[in-house]
There are 2 protein chains.
Amino acid sequence: MPKNCNFVEKLREVGLRPTKQRIKMCEVLYNREKTFHFTINDLVKMISEKMNEKISLATVYNTVHAFEKKGYLKEISIDSQKSYFDTNTSAHHHFFDEDTHELIDCDESDIDKINIKKNITGKKINSVEVLVRVASDNQTQK
Amino acid sequence: MPKNCNFVEKLREVGLRPTKQRIKMCEVLYNREKTFHFTINDLVKMISEKMNEKISLATVYNTVHAFEKKGYLKEISIDSQKSYFDTNTSAHHHFFDEDTHELIDCDESDIDKINIKKNITGKKINSVEVLVRVASDNQTQK
DNA sequence: CAATAGTTTAGAATTATTATAATGTAGATT
DNA sequence: AATCTACATTATAATAATTCTAAACTATTG
Ligand SMILES: [Mn+2]
Ligand SMILES: [Mn+2]
Ligand SMILES: [Zn+2]
Ligand SMILES: [Zn+2]
């Protein structure tokens with residue numbers, strides 16, 4: 001979703017009614033320079049603290065999943081109890097900072113294209129994702 | 001942990017008391033030809049159904065985490081609510097079958113060594129893991 | 001407008017996991 | 001061998017992320 005686009009129209013286009021909760025969430029998620037990563041909890045905080053708005057937790061979940069299904073959000077695989085989401089929906093790899101629990105995008109140029117030499121019969125490849133775990137140079141890590 | 005090794009001695013070596021629960025779990029986990037992947041729930045089922053033994057859920061969690069800390073188990077990152085564990089503790093990549101929710105090891109030869117060109121200041125790389133999501137060729141996928 | 005299908009919501013339910021605190025036991029000390 | 005003690009096990013409660021439920025609300029259509 002491009003910055004400052006007509007969210008009402010965009011939502012209608014994909015068959016989602018432009019409710020005020022969804023429009024507000026579009027603003028929080030897409031009206032910014034860079035894409036970013038968030039958890040549901042982050043998002044709820046952003047809505048209430050930054051926007052001074054109250055959207056029920058169930059609606060935040062519903063809407064995030066609706067946007068995901070429409071291809072406007074991507075879920076990221078990290079071993080953790082909670083899910084991470086990404087407003088950058090293109091195929092890309094990640095660094096995960098084990099100290100801060102922050103996700104950082106890899107640029108196209110950071111990792112060469114990965115060539116899978118094996119193929120599993122009857123199965124097609126949906127995605128190939130690299131996760132690079134990093135942590136403080138000095139510290140004890142798991 | 002090698003197959004048919006002396007689990008009692010192995011446990012003592014790393015400072016874990018060889019209780020009957022831990023020995024039983026060693027047998028379930030390591031007395032087999034190939035390494036494998038499991039969830040806590042899988043493991044509890046294996047213990048009760050295959051071994052006809054009852055180990056409390058808390059002990060299964062405790063022991064899995066104790067074995068993980070000692071380097072005899074590895075946790076695998078999949079987006080899911082539940083954690084997967086691996087008796088193959090070496091660095092390796094995975095296929096994840098989105099139909100069956102099964103993890104499959106990549107051989108060394110299946111994916112070329114990954115070269116990370118970016119480095120994050122003050123951080124060292126702990127691991128680089130590839131996850132290849134596969135699904136049935138015909139089916140609707142998320 | 002009125003009808004209707006889709007949406008929001010508070011709160012309950014579910015699920016994986018961790019914490020608690022009482023009981024049990026391996027291994028050391030007498 | 002009996003005793004001691006730190007470590008383990010256990011049932012159960014607590015927690016946390018997520019999903020479900022069902023009633024109230026609202027965007028859109030006719
Ligand atoms: Mn999801
Ligand atoms: Mn863990
Ligand atoms: Zn990203
Ligand atoms: Zn594996």
Side-chain angles (χ1 to χ4, degrees), chain A residues 6-28 37-48 51 53-70 72-73 75-85 101 103 142, chain B residues 6-28 37-48 51 53-70 72-73 75-85 101 103 142:
Chain A
N6 186 343
F7 296 126
V8 173
E9 257 325 297
K10 249 319 195 276
L11 287 168
R12 278 214 193 88
E13 268 172 33
V14 297
L16 294 173
R17 287 189 184 169
T19 62
K20 72 174 188 305
Q21 291 85 347
R22 285 171 176 167
I23 293 162
K24 193 52 74 179
M25 283 179 66
C26 282
E27 287 166 2
V28 174
H37 307 100
F38 63 92
T39 63
I40 294 287
N41 198 46
D42 294 338
L43 186 51
V44 168
K45 270 206 192 109
M46 287 168 56
I47 293 164
S48 67
M51 312 290 284
E53 202 81 19
K54 148 88 188 170
I55 301 178
S56 87
L57 185 60
T59 299
V60 175
Y61 272 101
N62 288 342
T63 304
V64 162
H65 284 130
F67 288 3
E68 185 190 7
K69 200 174 302 180
K70 299 302 179 180
Y72 293 128
L73 284 177
E75 202 171 350
I76 305 295
S77 340
I78 300 285
D79 86 315
S80 168
Q81 349 306 1
K82 64 185 111 189
S83 280
Y84 284 70
F85 292 90
H101 282 199
L103 269 175
K142 70 148 193 178
Chain B
N6 186 341
F7 296 126
V8 174
E9 257 324 295
K10 249 322 194 266
L11 287 169
R12 279 213 192 90
E13 269 172 34
V14 297
L16 294 173
R17 285 189 185 169
T19 62
K20 72 175 188 303
Q21 291 85 346
R22 286 173 174 166
I23 293 162
K24 193 53 72 178
M25 284 180 66
C26 281
E27 286 166 3
V28 173
H37 307 101
F38 63 91
T39 64
I40 295 287
N41 198 44
D42 294 339
L43 185 52
V44 168
K45 270 207 193 108
M46 286 168 59
I47 294 164
S48 67
M51 311 289 286
E53 202 80 21
K54 148 90 188 168
I55 301 178
S56 87
L57 184 58
T59 299
V60 176
Y61 272 101
N62 288 341
T63 304
V64 163
H65 284 130
F67 287 4
E68 185 190 6
K69 199 173 303 179
K70 299 299 178 181
Y72 292 128
L73 284 177
E75 204 170 350
I76 304 293
S77 340
I78 301 284
D79 89 315
S80 168
Q81 347 308 0
K82 64 185 111 189
S83 280
Y84 284 70
F85 292 89
H101 283 197
L103 271 174
K142 70 150 194 182

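Every chain is numbered from 1 and lettered A, B, ... according to where its sequence line falls, protein lines coming before strand lines.
Put simply, the side chain of A/Lys82 never gets that close to the backbone of A/Thr39: no donor and acceptor are under 3.5 Å apart. A/His37 places no side-chain N or O within donor-acceptor distance of the main-chain N or O of A/Phe85, the cut-off being under 3.5 Å.
Where B/Arg22 and B/Lys54 each meet DNA chain D at their nearest nucleotide, the meeting point lying more 5' is that of B/Arg22.
Put simply, CG on B/Leu43 is 14 Å from P on C/dA16, counting in whole angstrom units. The CD-P distance, from A/Glu9 to D/dA27, rounds to 15 Å in whole Å. Atoms CG (B/Leu57) and P (C/dT15) sit 14 Å apart, rounded to a whole Å. Atom CG of B/Leu11 is separated from atom P of D/dC7 by 16 Å (rounded to the nearest Å). What separates NZ of A/Lys24 from C1' of C/dT7 is a distance of 18 Å, to the nearest Å. Taking atom CG on A/Asn41 and atom P on D/dT19, their separation rounds to 15 Å, with Å as the unit. Between A/Ile23 atom CD1 and D/dT26 atom C1' there is a gap of 12 Å when expressed in whole angstrom units. In this structure, B/Lys70 atom NZ and D/dA8 atom P are separated by 9 Å, rounded to whole Å.
Heavy atoms of B/Ile55 sit under 4.0 angstrom from primed sugar atoms or phosphate atoms, though from no base atom.
For B/Thr39, no side-chain nitrogen or oxygen approaches OP1 or OP2 of C/dA16 to under 4.0 Å. OP1 or OP2 of D/dA17 has not a single side-chain nitrogen or oxygen of A/Gln81 nearer than 4.0 Å. Look at B/His65 and you won't find any side-chain N or O under 4.0 angstrom from OP1 or OP2 of C/dT17. Distances shown here put every side-chain N or O of A/Lys82 at or beyond 4.0 Å from the OP1 or OP2 atom of C/dT17. Side-chain N/O atoms of B/Ser83 include none lying less than 4.0 angstrom from OP1 or OP2 on C/dA16.
Ranking C/dT18, D/dT19, D/dT9 by closeness to the A/Tyr61 side chain, first place goes to D/dT19. Of the candidate nucleotides C/dT8, C/dT17, D/dT18, C/dT8 has the atom nearest to the side chain of A/Asn62. Considering only side-chain atoms of A/Thr59, the nucleotide from C/dT9, D/dT18, C/dT17 that sits closest is C/dT9.
Atom-to-atom distance recorded for A/His65:NE2 and A/Thr63:OG1 is 10.5 Å, nearest 0.5 angstrom. Put simply, CD1 on B/Ile23 and CZ on B/Phe7 are 9.5 Å apart, with the number rounded to the nearest 0.5 Å. To the nearest 0.5 angstrom, A/Leu11 atom CG is 4.5 Å from A/Cys26 atom SG. Residue A/Lys24 holds its NZ atom at 8.0 Å from CD1 of A/Ile55, rounded to the nearest 0.5 Å.
The shortest distance between side-chain heavy atoms of A/Met46 and A/Met51 does not fall below 4.5 Å.
For the residue pair B/Thr59/B/Gln21, the side-chain donor-acceptor check at 3.5 Å is not satisfied.
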Under 4.0 Å protein heavy-atom contacts per nucleotide of nucleotides 25-30 of chain C, with B for base, S for backbone only and - for none: -BS---

